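Excluded from the calculations below are hydrogen atoms, water molecules and symmetry mates; all remaining heavy atoms, backbone and side chain alike, are included. From a predicted model like this one, the values you see are computed outputs, not experimental measurements.
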Amino acid sequence: MSKTKQTREEALAFHMEPRPGKFDVAPSVPMTTQRDLSLAYSPGVAVPCEEIAKSPETAYDYTNKGNLVAVITNGTAVLGLGNLGALASKPVMEGKAVLFKRFADVNSIDIELDTEDPEEIIQAVRLMGPSFGGINLEDIKAPECFIIEQRLKEEMDIPVFHDDQHGTAVICAAGLINALYISGKKIEDCKIVLNGAGAAGIACLELIKSMGAQHDNCIMCDTKGVIYQGRTEGMNQWKSAHAVTTDARTLAEAMVDADVFLGVSAKGSVTQDMVKSMAPNAVIFAMANPDPEITPEEAHEVRDDVIVATGRSDYPNQVNNVLGFPYLFRGALDIHARAINDEMKIACAEALAALAREDVPDEVALAYGRKLSFGRDYIIPTPFDPRLIYTIPPAVAQVGMDTGVARRPIIDMEGYAQDLKARMDPTAQILQGLYARARQAQATMVFAEGDDPRVLRAAVAYHRGGFGRALVVGRTDDVQAKLQEEGLGEAISEIEIVNAANTEHLSEYKDFLYKRLQRSGFDQKDIHRLAARDRHAFSALMLAHGHADGLVTGATRKSAHVLDRINSVFDAKAEDGAVGVTAVLLKGRIIFIADTLVHEWPEEEDLADIAEAAAAVARKMGIEPRVAFASFSTFGYPVSERANKMHMAPQVLDKRGVDFEYDGEMTVDVALNPDVMAAYPFCRLSGPANILVVPARHSASISVKLMQEMAEATVIGPILTGVDKPIQICSTVSTVNDILNMAVLAACKVGQTT
């Protein structure tokens with residue numbers, strides 16, 4: 001599988017577009033009428049203010065405090081980049097805020113404090129405590145981070161959690177539980193060596209000691225060697241707490257007969273000789289980033305029996321903090337916790353370890369492109385496992401209640417788990433799975449419009465994303481100039497530029513076209529113009545002849561024009577079974593609308609065909625289809641000749657005996673709103689529809705574009721189905737990401753029946 005690559009230009013563009021930064025703040029209540037404003041601010045706001053003044057705990061009822069975390073730093077230890085200062089750390093803190101939202105639906109605000117004085121930080125954070133349900137400290141250097149966190153925990157009545165310390169410790173502990181389970185060892189019997197006596201290292205050792213590791217069995221090392229009883233050089237009170245009586249003075253000496261190595265230090269600090277000297281079935285957690293203390297390949301070269309974890313996503317067993325902090329805070333916030341204590345951290349670690357031992361759902365394996373089952377290469381769950389959200393927070397919350405830090409205990413844990421499941425956006429999981437499948441497929445993709453900067457950037461992103469070869473139709477000098485303008489000049493060597501002038505297959509393409517179109521009014525000159533000068537037709541010819549695996553086009557010309565050119569090479573008309581299905585993604589929902597491309601005015605048989613095609617697309621994207629035939633009429637009223645075909649289409653599907661849910665005709669609110677649908681208990685859909693088959697192409701187009709412009713929905717499509725080869729037609733307003741998504745769909749053959 002190819003490895004992904006990102007450049008400085010791409011990283012800067014990602015943070016700049018569509019607006020600078022990584023998140024917006026949006027109201028969760030109506031703000032349109034004078035009445036709304038009166039309730040939201042003056043005079044209505046006075047009422048909850050008075051209630052909170054009387055009963056402070058009601059702040060969790062009337063404000064967003066209960067789902068709001070502050071991500072706070074002073075930028076003194078940024079992501080291995082060192083002391084960049086408060087302002088330069090802001091992109092990292094914004095990133096942490098969006099991870100909170102993405103993985104656990106926790107709202108978060110980043111706060112960068114421009115001071116290196118621990119007392120000033122303590123005072124600032126303590127004073128802003130009423131605003132938040134929890135504090136996530138981040139990227140503050142040691143030893144100041146110890147002082148700051150300890151004081152804030154003592155002085156504040158909300159959870160204070162330094163993720164660089166405890167986040168790493170929790171995931172490390174989860175992996176260690178399973179590694180020792182596999183190696184048949186007990187933590188209390190293990191000799192454990194830690195290299196790296198900073199914030200994360202000390203927290204890792206403290207947590208595993210609280211889980212049973214014996215103080216005298218744990219040797220901590222720093223850049224000066226072993227931290228032993230009596231050492232004075234480079235010591236502080238936090239290191240001294242872990243000093244042991246030992247004759248070992250170097251890391252190499254400490255590693256002899258060690259059962260466990262924990263590294264939060266530097267690249268290359270562990271040698272193969274050190275690995276050889278460890279005990280049988282040793283465990284190596286080489287967690288230095290971006291490069292581990294020793295790579296898994298280097299360790300396995302000298303030992304077959306070691307279990308290795310790193311901080312890297314391109315190796316098995318990634319120790320990734322995103323497995324911990326979102327879910328710890330989710331559980332803590334939901335019980336209105338006063339703190340996150342050691343028992344809650346251990347509960348998180350144990351729940352993660354238990355999850356890794358369970359059977360892995362197919363969609364998780366699909367997302368990672370390989371079979372995952374508990375063993376030496378899978379001891380920690382993967383970050384995109386959808387079970388994390390509803391398994392980890394309940395475990396944390398339960399222990400928080402048991403240990404007395406909960407202000408508001410959860411009564412119905414089963415219901416709580418269901419609520420958590422409903423919180424998450426399924427579209428992220430779907431796209432993750434598609435991207436993983438595309439990386440496995442390694443499809444050669446034609447990008448037809450090499451004169452458009454968006455298309456070029458998408459082609460570069462396709463290659464750098466590890467999806468396969470990117471072929472761009474265009475002139476070399478023009479493509480090179482446009483890449484230079486986009487700050488991607490070096491990418492010219494990463495993509496392949498093709499056109500009629502440099503292909504050896506042009507005569508073959510023209511012969512094929514002439515045989516196909518000679519009885520449709522095309523002479524030899526027409527054929528030459530079409531094959532040699534029309535990039536859409538030329539790209540389709542490449543695809544038809546097996547010189548590429550998929551095609552993306554449409555970003556510069558209207559879809560009707562593009563489809564006409566494709567029809568010169570492929571059978572892509574309504575009578576050929578072609579259908580256009582558009583996916584609309586908004587607020588955690590995905591709705592497919594069809595037909596948005598081919599059928600101008602379908603009749604009931606056509607509508608049934610469209611429903612089947614849309615159902616196949618939904619299933620290819622991992623969604624079980626529920627089809628609603630949409631109309632202005634609901635189940636026969638009002639009576640209208642125009643609604644009749646929508647009434648008849650389900651009867652056509654009845655005769656065909658299809659294996660998915662469908663019903664109609666119905667209005668869109670009946671189809672999508674379960675409360676409205678409940679008024680029709682005879683409706684055959686088991687839940688809200690996720691596919692809307694609409695009466696005509698114009699209504700489909702209007703619906704999609706209205707959602708895109710008014711609601712800022714993400715639109716993927718139209719996805720062309722029922723054609724022999726994977727062809728995807730973008731809209732002319734597509735972003736770079738939209739074009740890349742269409743290429744990924746083509747690579748995954750979404751829309752192909754085989």
Side-chain angles (χ1 to χ4, degrees), residues 1-6 79-81 99 163-183 192-201 203-205 207-208 221 251 255 258-276 278 281-325 349 352-353 355-356 367-370 372-385 436 439 466:
M1 192 179 294
S2 241
K3 292 203 178 161
T4 61
K5 172 186 174 185
Q6 292 87 32
L79 278 188
L81 299 172
L99 290 179
D163 189 48
D164 301 302
Q165 293 181 63
H166 309 300
T168 303
V170 167
I171 314 309
C172 175
L176 189 58
I177 290 168
N178 280 339
L180 294 180
Y181 177 89
I182 291 168
S183 59
I192 298 168
V193 176
L194 170 87
N195 195 44
C204 285
L205 208 53
L207 189 62
I208 64 173
C221 302
L251 177 61
M255 289 280 273
D259 297 288
V260 176
F261 169 77
L262 305 176
V264 275
S265 49
K267 174 185 178 181
S269 54
V270 172
T271 66
Q272 289 182 321
D273 285 339
M274 293 181 194
V275 173
K276 287 180 189 176
M278 295 180 75
N281 291 307
V283 176
I284 298 172
F285 279 27
M287 299 177 285
N289 263 326
D291 298 300
E293 286 82 358
I294 186 168
T295 66
E297 296 98 326
E298 291 166 338
H300 287 133
E301 205 172 280
V302 294
R303 291 279 296 269
D304 291 330
D305 63 338
V306 291
I307 296 172
V308 185
T310 72
R312 294 261 297 254
S313 61
D314 52 346
Y315 288 124
N317 300 329
Q318 186 193 15
V319 179
N320 189 333
N321 285 20
V322 83
L323 290 165
F325 71 83
L352 284 167
L355 187 61
Y368 284 85
R370 60 188 173 94
L372 298 172
S373 60
F374 181 60
R376 290 173 177 269
D377 287 337
Y378 178 69
I379 58 172
I380 307 170
T382 53
F384 290 97
D385 192 321
R439 285 193 184 96

Inset, instruction - Using the side-chain contact (heavy atoms from CB on, under 4.5 Å) rule, take Met255 and Val270 through it: C-alpha gap first, then chi angles, then the decisive distance, then the call. - result: CA-CA 9 Å; Met255 289 280 273; Val270 172; 4.0 Å; yes

Inset, instruction - Report the C-alpha separation of Phe261 and Val275 in whole Å, then their side-chain angles, then the decisive distance to 0.1 Å, and conclude whether the side-chain contact (heavy atoms from CB on, under 4.5 Å) test is met. - result: CA-CA 9 Å; Phe261 169 77; Val275 173; over 6 Å; no

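Annotation for Leu251 and Ser269: closest pair CD2-O, 3.5 Å, computed over non-hydrogen atoms. For the pair Arg376 and Ile182, the tightest heavy-atom approach, listed with the atom from each and the gap, is N-CD1, 3.9 Å. Here the closest heavy-atom approach between residue Val319 and residue Cys172 is recorded as CG1-N, 4.0 Å. Gly175 approaches Ile379 most closely through the heavy-atom pair O-CD1, 3.6 Å. Residues Gln272 and Glu301 approach most closely at NE2-OE2, 3.3 Å, considering heavy atoms. For the residue pair Val308 and Ala299, the shortest heavy atom distance occurs at CG2-CB, 4.0 Å.
Within the 4.5 Å cutoff, no side-chain heavy atoms of Asn320 are placed close to those of Ser313. Between Leu194 and Val264 there is a side-chain heavy-atom pair separated by less than 4.5 Å. Within the 4.5 Å cutoff, no side-chain heavy atoms of Val260 are placed close to those of Ile208.
Other residues, nucleotides and ligands contribute over 12 non-hydrogen atoms within 6.0 Å of the CZ atom of Phe374.
Asn321 meets the side-chain hydrogen bond (donor to acceptor under 3.5 Å, both in side chains) test with Asp163, Thr168; sequence neighbours excluded. Checked against salt bridge (Lys or Arg N to Asp or Glu O under 4.0 Å), Asp164 has no partners two or more places apart in sequence or in another chain. Considering only residues two or more places apart in sequence or on other chains, Asn289 meets the side-chain hydrogen bond (donor to acceptor under 3.5 Å, both in side chains) condition with none of them.
Atom CG of Leu323 and atom OG1 of Thr382 lie 7.5 Å apart (nearest 0.5 Å).
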